[in-house]
2 protein chains.
Amino acid sequence: MKDLLHQIYGTLLEEALLNEIEQVAMLKEFKEGDVIIDFGDNIKKMPLLLSGAIKILREDFDEGELLLYFIEKGDTCSMSMACCIGDTKSEIRAVAETDGQVVMIPVMYMELWLGKYKSWRNYVFASYNNRLKEMLTAIDNLAFMNMDKRLINYLLEKAKINNTKEINITHQEIAYDLNTSRVVISRLLKALEKDGKIKLHRAYIEILK
Amino acid sequence: MKDLLHQIYGTLLEEALLNEIEQVAMLKEFKEGDVIIDFGDNIKKMPLLLSGAIKILREDFDEGELLLYFIEKGDTCSMSMACCIGDTKSEIRAVAETDGQVVMIPVMYMELWLGKYKSWRNYVFASYNNRLKEMLTAIDNLAFMNMDKRLINYLLEKAKINNTKEINITHQEIAYDLNTSRVVISRLLKALEKDGKIKLHRAYIEILK
DNA sequence: TATAGTCTGTAACACTTGTTACTGTAAAAG
DNA sequence: CTTTTACAGTAACAAGTGTTACAGACTATA
């Protein structure tokens with residue numbers, strides 16, 4: 001843990017803080033598909049992502065679901081912080097997009113360090129700001145774009161996060177993330193294929209160009 | 001300014017901090033319709049709202065616009081903070097919903113106080129969290145609701161903010177805030193009137209029940 | 001009062017998205 | 001190898017929203 005922590009957070013956080021983190025934090029490994037935080041969970045620890053990627057979903061009261069954004073190494077989940085500090089239940093679900101590792105920091109240290117370490121304050125604020133920006137991007141997608149454009153953005157982001165042009169995913173899974181139906185996704189994907197932008201296979205999609 | 005500041009922030013912020021605010025902050029009055037922050041503005045001061053209400057809008061790259069949420073007394077604009085800290089341009093537009101007053105705090109103090117005053121940290125975080133929650137609400141509206149439900153929510157919120165059941169607004173103005181067209185709004189309002197939920201007049205809407 | 005401008009109502013139509021149903025094919029399980 | 005299940009393609013239709021056009025009513029102003 002120590003090596004990875006220094007490697008990823010060494011430039012962001014000061015030495016003394018990193019040492020404290022090592023002492024109080026718990027390392028946790030996760031596998032693709034694991035539900036790391038669920039809707040309604042009580043959050044008592046704050047996660048710092050060391051490796052892998054996590055996707056953050058919003059759930060409708062009766063059944064719908066929507067992908068908000070992805071988190072990568074060096075990020076934290078501000079939503080969790082929000083819940084920690086406000087002592088409220090989680091408003092989101094966090095699902096592992098790939099295998100990876102997080103360190104979990106008890107919330108009491110998180111608050112203590114805000115007064116103690118300037119680098120911690122900067123990191124936490126920067127993280128909040130990133131999340132706010134990503135929420136704005138999500139809103140832009142929903143408010144100003146049609147499903148075809150949202151789908152393209154989704155595929156590109158997915159490709160970026162997984163660092164490949166071949167995305168292993170079914171039409172149904174995409175439909176869940178975009179809160180629409182499988183038929184709609186199939187229809188639009190077909191149109192994208194006709195445009196020569198992608199190539200469709202069973203349970204995976206190839207991004208061309 | 002001193003009285004109002006103590007009255008509204010007295011329970012949130014410690015005495016010493018309130019005194020500092022008085023010394024460095026600038027009082028600014030605004031009138032309904034004033035553009036307080038515009039898209040692309042460079043933010044160098046952080047606003048604390050003393051009275052009145054402000055609406056926060058997101059703009060599409062070519063022309064659309066969308067109401068994100070309202071801010072009331074005791075709140076601050078976290079988006080501005082985000083921009084202050086990140087030293088980036090404003091991602092949103094802030095328009096006065098009613099007449100009111102803000103105090104503007106230079107960003108350097110804002111950062112200084114984060115290390116110095118616990119109550120300031122708590123306030124700033126609570127504010128961030130409120131904004132994140134409101135962004136989630138905005139996303140819920142966009143992702144999971146049809147225009148008729150969004151319109152109802154809009155009218156209710158508008159009524160609450162202005163503390164009246166008689167909302168002075170044209171259909172066109174509503175259409176701008178919800179990023180749709182006037183005809184769509186007129187159509188849905190008519191349906192709501194037939195349901196006995198509202199009564200329509202020229203340039204104002206009465207919420208029944 | 002006459003005139004221009006603003007606000008609303010409505011119709012007709014196009015486009016996007018959602019829904020249901022059915023088919024064929026590939027993969028997995030037996 | 002056979003059966004079952006999962007995945008994808010497609011059609012036909014419904015519903016929601018966006019667009020254009022026009023008319024009538026109200027308001028402000030000259």
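In what follows, chains carry the letters A, B, and so on, assigned in the order in which the sequence lines appear, proteins first and then strands, with residues in each chain numbered from 1. Values below: every heavy atom of this structure, side chains too, minus hydrogens, waters and symmetry copies.
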Could you say whether R202(A) or R202(B) is positioned toward the 5' end of DNA chain C, judged by the nucleotide with the nearest heavy atom to each?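 Result: R202(B).
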
If the plane angle is over 60° it's perpendicular, under 30° parallel, otherwise tilted; pick one for Y128(A) and F125(B).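 Geometry flag for F125(B) against Y128(A): perpendicular rings.
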
Inset, instruction - Please work out whether the ring planes of Y204(A) and H201(A) are parallel, tilted or perpendicular, with thresholds of 30° and 60°. - result: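 Geometry flag for H201(A) against Y204(A): parallel rings.
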
**Study point:** Residues in contact with DNA chain C, drawn from residues 142-158 of chain B - heavy-atom cutoff 4.0 Å
**Key:**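 Listed by number, there are none.
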
Donor-acceptor contact present, side-chain [X] to main-chain [Y], <3.5 Å:
X       : Y       : value
T170(A) : A203(A) : no
S51(A)  : Q101(A) : yes
E193(A) : L200(A) : yes
D41(A)  : I37(A)  : no
R121(A) : L114(A) : yes

I need the [atom1]-[atom2] distance between [X] and [N], as an integer number of Å.
X       : N       : atom1 : atom2 : value
H201(A) : dA27(C) : NE2   : P     : 12 Å
Y204(A) : dA27(C) : OH    : P     : 11 Å
Q172(B) : dG9(C)  : CD    : C1'   : 15 Å
L178(A) : dG18(C) : CG    : P     : 10 Å
L188(A) : dT16(C) : CG    : C1'   : 9 Å
K194(B) : dT8(C)  : NZ    : C1'   : 14 Å
Y176(A) : dC7(D)  : OH    : C1'   : 13 Å
K190(B) : dA11(C) : NZ    : P     : 12 Å

- Item | Estimated bend of the helix from dT1(C)-dA30(D) to dG30(C)-dC1(D) (axis per five terminal pairs, rounded to 10 degrees) |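 Rounded to the nearest 10 degrees, the bend comes out at 30°.
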
Given the rule in the side-chain hydrogen bond (donor to acceptor under 3.5 Å, both in side chains) test, do E65(A) and N179(A) qualify, once you have shown the distances and angles that lead to the verdict? CA-CA 6 Å; E65(A) 208 173 271; N179(A) 188 47; over 6 Å; no

Requested in this report: Give a yes or no on whether a donor-acceptor pair under 3.5 Å exists between the nucleobase atoms of dT20(D), that is its base, and the side chain of R182(B).
Outcome: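 Looking at the base of dT20(D), it does not pair with any donor or acceptor on the side chain of R182(B) (distance under 3.5 Å).
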
| message | If you go through the side-chain atoms of R187(B), does one of them form a donor-acceptor pair with the base of dG16(D) closer than 3.5 Å? | response |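 Check fails, no donor-acceptor contact within cut-off.
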
Next item on the list: Please state whether the phosphate of dT8(C), meaning OP1 or OP2, lies under 4.0 angstrom from any side-chain nitrogen or oxygen of H171(B).
Entry: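 Answer yes for this pair, as a side-chain N or O of H171(B) is under 4.0 Å from OP1 or OP2.
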
*asked:* Please enumerate all residues that pass side chain to side chain donor-acceptor pair (under 3.5 Å) together with K165(B), with sequence neighbours excluded.
replied: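 Scan of K165(B) (side chain to side chain donor-acceptor pair (under 3.5 Å), adjacent residues dropped) gives none.
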
Mind checking L189(A) for me? I need base, sugar-phosphate or nothing, with any heavy atom below 4.0 Å counting as a touch.
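If one applies the 4.0 Å heavy-atom cut-off, L189(A) turns out to touch nothing in the nucleic acid.
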
* Sugar-phosphate, base or nothing in reach of T170(B), heavy atoms under 4.0 Å ->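 Counting heavy atoms under 4.0 Å across all strands, the contact made by T170(B) is with sugar-phosphate only.
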
Would you say the ring centers of F61(B) and F39(B) fall short of 6.0 Å from each other?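 Between F61(B) and F39(B), the centre distance exceeds or equals 6.0 Å.
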
What's the closest nucleotide to the side chain of L200(B) if the choices are dG9(D), dT19(D), dG9(C)?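 Given the options dG9(D), dT19(D), dG9(C), the side chain of L200(B) is closest to dG9(C).
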
Which of the following nucleotides, dC7(C), dT10(C), dG18(C), is nearest to the side chain of A203(B)?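 The answer is dC7(C), which lies nearest to the side chain.
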
